[in-house]
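First up is the structure itself, then whatever we jot down about it.
A quick note: this is a predicted structure, and the numbers were derived from the prediction, not measured.
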Amino acid sequence: MPLGQRAGDKSDSRYCGVEVLDFPAGEGLPAVLNHSLASAFDFILAPLVDPNYRPTPGAVLPVSASDLVLGPAQWSNHVVGKISEWIDLDAEDEQLRLDSELTLKQEIAWASHLSLQACVLPAPRRSSCGNYARVVNQILQGLTNMHLWLRLPLEKSEPMDDDLDKVKNNNHMNEMVDSWELWNSFRLLCDHSSQLCVALDISSTLPSINSLGRWFGEPAFLTNGRGYPCLSKQHQRLLTGFFNHYVQVILSGRSNHNVPPVSEGVLLGDENHTEDAPVRHALSPYLDYTAYLYRRMDPLPEQERFEINYRDFLQSPLQPLMDNLEAQTYETFEKDVVKYTQYQRAVAKVLVDRVPDDAVSTTRTVLMVVGAGRGPLVRASLQAAEETGRKLKVYAVEKNPNAVITLHSLIKLEGWESMVTVISSDMRCWDAPEKADILVSELLGSFGDNELSPECLDGAQRFLKPDGISIPSSYTSFIQPITASKLHNDIKAHKDIAHFETAYVVKLHRIATLAPPQQVFTFTHPNFSPNASNQRYTKLQFEMPPDMGSCLVHGFAGYFDSVLYKDVHLGIEPNTATPNMFSWFPIFFPLRKPIYVPDGSPIEVHFWRCCAPTKVWYEWAVTTPTPSPIHNSNGRSYWVGL
């Protein structure tokens, strides 16, 4: 049964498994499974083959149980296979190496026959595991639905056991083993297979917070191999962090605490229990504690529950000039109360600044909403005028003829005919009958300028008086490097370069941020400079935290922050993000080939914003620590049409 109920969370992290340490021969497996399920575990991690087995000619594989002892649904939903731990595919002993390869393939074939969803591979015995990865990669090519979980200790510590003597003999006692390094090497050898995941053994000691953070962007599972009914604060934070990233837990090991295996009836004080009642699992106290940690997590906020189906889902950015938005899209954006409240605050401040109290009765301010849509900015502006007691004349300029119909209906319904004039035209083509005091727009994209706000406002600023105000008055884009295995694999599935050269709007979730965001491009409005250009270029260098270790960069997360007017701002940059606003998800600029960043090395990235008569596009490239191709050269894969 699930660990508990948490509002909005329907992910697999609610389910917890338990490792079967002893080989359940014969009829033992159904009994072990039933006992575990009765003790509220959701699945078991069980050996598939007798650990004493070694391949010999003509020998029948000594499996733990016939496929007939459990039903197909039980095998598929409640059993994860555990591959024999003696397997060593990088052994110097050739016979052991060959036996290991044959046994691994036999066990995976048996697991596939059982329709298991996953198998756990034993941890590599040494840091160099090229042959192990080669054999696993061969197996992955033939799998359809089953996943393989590579078991690794969660550590950044001393050398691995089989490498220790070599290190001592070479006097390299400073060499450290970083399990993330081992995982990264293995998955790169397996070409980032989406069916290869990592199962992390959590021990009593943990690496630094920055080092642990790298794992949040990986397809991970957890095993707690040390029995601690009460975990340290650091362990608790790690576990809840992984819960938030859809990671499942498997309890492993033997109980370190004197908990008698009493029946559930005794525990619940049931006087009618019998001696035949199910005996409680030895690790049930640890399951109870894991469930307690899960249940005490804060419920998902209402906004997160609304956005949960968009997590790590790649969406192409809008083409606001080429395409007309649909009613459903308008309706979604119009529900963002926070955004329009900020716009209303900005308009109110401008009105108060421009019209002194003694001129309120004689001054009418001209405000133009360019890109009025179905009227939310018109409403916000009129509410600001009412709030401040200022008179307002509004021009609502909109190019979408379908939205114009709604605008006319809204104005008639609200009785705004004397205050609002609807203009059905592209703002870049319209000739205004008078100059505006205020120009209001909501043309911002996830990267600030990626929906052509600079080009549109440059074309519309001719409406403004010399001292006129633009809302927004400026906006700045930001990027930061991230690890995002899921996004990389989703893009790779398209099997072309074009998708790796496209920027995506995505609700980022299963990612690891590797360095703080930095500013990219800034635009200010109005911009009356005669030599103004919207082309931009910048070079940024990101420094990784010193205790993080090496990392892998799959791309860059992009955000924006805008100044609407003076101290009224709007944005999604993580450090200054406007709370409870959902109109924008971050943007993701992928890399065709992930960049490995050694410990202590910076990341140097170049970004270009390029303009042509009919389109605007971005190009990006990494130059340090290793060069990448320049992505999206000449806008060949992704552009925004003018």
Side-chain angles (χ1 to χ4, degrees), residues 156 174-176 178 180-189 191-192 207-218 447 450 476-485 487-488 491-492 497 499-504 508 511-522 535-559 573-575 586-610 617-638:
K156 187 169 177 279
N174 290 329
E175 291 190 26
M176 307 285 279
D178 182 351
W180 184 90
E181 283 272 12
L182 191 55
W183 158 247
N184 186 55
S185 173
F186 201 97
R187 59 101 172 267
L188 288 177
L189 287 166
D191 195 27
H192 255 86
S208 69
I209 293 175
N210 286 322
S211 178
L212 290 172
R214 298 173 297 174
W215 292 104
F216 289 134
E218 306 291 359
F447 203 48
N450 65 298
T476 300
S477 52
F478 295 78
I479 61 167
Q480 69 180 147
I482 62 172
T483 296
S485 293
L487 300 183
H488 175 83
I491 298 170
K492 191 178 77 167
I497 290 177
H499 283 81
F500 274 114
E501 296 189 333
T502 298
Y504 298 93
L508 299 173
I511 66 160
T513 56
L514 305 175
Q518 293 188 29
Q519 294 185 15
V520 189
F521 307 132
T522 296
Q535 296 205 133
R536 296 287 191 275
Y537 163 67
T538 192
K539 177 178 69 174
L540 300 174
Q541 188 170 94
F542 294 90
E543 301 287 343
M544 306 298 107
D547 58 345
M548 174 183 284
S550 53
C551 58
L552 196 70
V553 179
H554 291 103
F556 296 87
Y559 318 96
E573 193 276 319
N575 296 309
I587 198 167
F588 176 58
F589 294 93
L591 292 172
R592 283 160 53 183
K593 190 172 183 180
I595 300 291
Y596 172 75
V597 183
D599 189 5
S601 173
I603 303 171
E604 185 175 271
V605 61
H606 300 248
F607 261 77
W608 295 265
R609 188 183 196 269
C610 307
W617 70 95
Y618 300 99
E619 298 179 13
W620 60 97
V622 172
T623 51
T624 300
T626 54
S628 75
I630 294 176
H631 290 61
N632 198 35
S633 181
N634 288 319
R636 63 186 175 189
S637 302
Y638 158 67

Check side chain to side chain donor-acceptor pair (under 3.5 Å) between [X] and all other residues, then give those that pass, not counting sequence neighbours.
{"X": "His554", "answer": "His192"}
{"X": "Tyr504", "answer": "none"}
{"X": "Trp608", "answer": "none"}
{"X": "Asn210", "answer": "Asp547"}

Interatomic spacing from [atom1] in [X] to [atom2] in [Y] - rounded to 0.5 Å:
{"X": "Glu501", "Y": "Ile491", "atom1": "CD", "atom2": "CD1", "result": "11.5 Å"}
{"X": "Ser485", "Y": "Trp215", "atom1": "OG", "atom2": "CH2", "result": "10.0 Å"}
{"X": "Thr513", "Y": "Leu508", "atom1": "OG1", "atom2": "CG", "result": "10.0 Å"}
{"X": "Lys593", "Y": "His488", "atom1": "NZ", "atom2": "NE2", "result": "10.0 Å"}

Residues forming a side-chain contact (heavy atoms from CB on, under 4.5 Å) with [X], sequence neighbours excluded:
{"X": "Leu212", "answer": "Leu154, Leu206, Pro207, Gln234, Leu238"}
{"X": "Ile209", "answer": "none"}
{"X": "Ser550", "answer": "Asp178, Trp180, Glu181, Arg214, Tyr596"}
{"X": "Pro517", "answer": "Phe478, Gln480, Tyr559, Glu573, Pro574, Asn575"}

CA sep, side-chain torsions, deciding dist, call: Arg187, Leu552, side chain to side chain contact (heavy atoms under 4.5 Å, CB included): CA-CA 11 Å; Arg187 59 101 172 267; Leu552 196 70; 3.2 Å; yes
Verdict with reasoning, Ile603 to Val553, per side chain to side chain contact (heavy atoms under 4.5 Å, CB included): CA-CA 9 Å; Ile603 303 171; Val553 179; 3.3 Å; yes
Can you name the nearest heavy-atom pair linking [X] to [Y], along with the distance?
{"X": "Ala515", "Y": "Glu543", "value": "CB-O, 3.8 Å"}
{"X": "Leu514", "Y": "Met544", "value": "O-SD, 3.5 Å"}
{"X": "Phe521", "Y": "Tyr537", "value": "CE2-N, 3.9 Å"}
{"X": "Phe500", "Y": "Leu591", "value": "CD2-O, 3.4 Å"}
{"X": "Ala503", "Y": "Phe589", "value": "CB-CE2, 3.6 Å"}

Sequence-distant partners of Arg536, salt bridge (Lys or Arg N to Asp or Glu O under 4.0 Å), two or more places apart: none
Under the ring pair (Phe, Tyr, Trp, His ring centres under 6.0 Å) test, residues paired with Phe542 that sit two or more places apart: none
Side chain to side chain contact (heavy atoms under 4.5 Å, CB included) between Phe216 and Thr483, worked out: CA-CA 8 Å; Phe216 289 134; Thr483 296; over 6 Å; no
Exercise answer: donor-acceptor pairs, residues 619-632 side-chain atoms, under 3.5 Å, sequence neighbours excluded:
from: Glu619; atom 1: OE2; to: Trp617; atom 2: NE1; distance (Å): 2.9
from: Glu619; atom 1: OE2; to: Asn634; atom 2: N; distance (Å): 2.8
from: Trp620; atom 1: NE1; to: Pro590; atom 2: O; distance (Å): 2.8
from: Thr623; atom 1: OG1; to: Glu604; atom 2: OE2; distance (Å): 2.7
from: Thr623; atom 1: OG1; to: His606; atom 2: NE2; distance (Å): 3.1
from: Ser628; atom 1: OG; to: Val622; atom 2: N; distance (Å): 2.9
from: His631; atom 1: ND1; to: Trp620; atom 2: O; distance (Å): 3.3
from: His631; atom 1: ND1; to: Pro629; atom 2: O; distance (Å): 2.9
from: His631; atom 1: NE2; to: Arg592; atom 2: N; distance (Å): 2.8
from: Asn632; atom 1: OD1; to: Arg636; atom 2: N; distance (Å): 3.4
from: Asn632; atom 1: OD1; to: Ser637; atom 2: N; distance (Å): 3.0
from: Asn632; atom 1: OD1; to: Tyr638; atom 2: N; distance (Å): 3.0
from: Asn632; atom 1: ND2; to: Tyr618; atom 2: O; distance (Å): 2.8
from: Asn632; atom 1: ND2; to: Tyr638; atom 2: O; distance (Å): 2.9

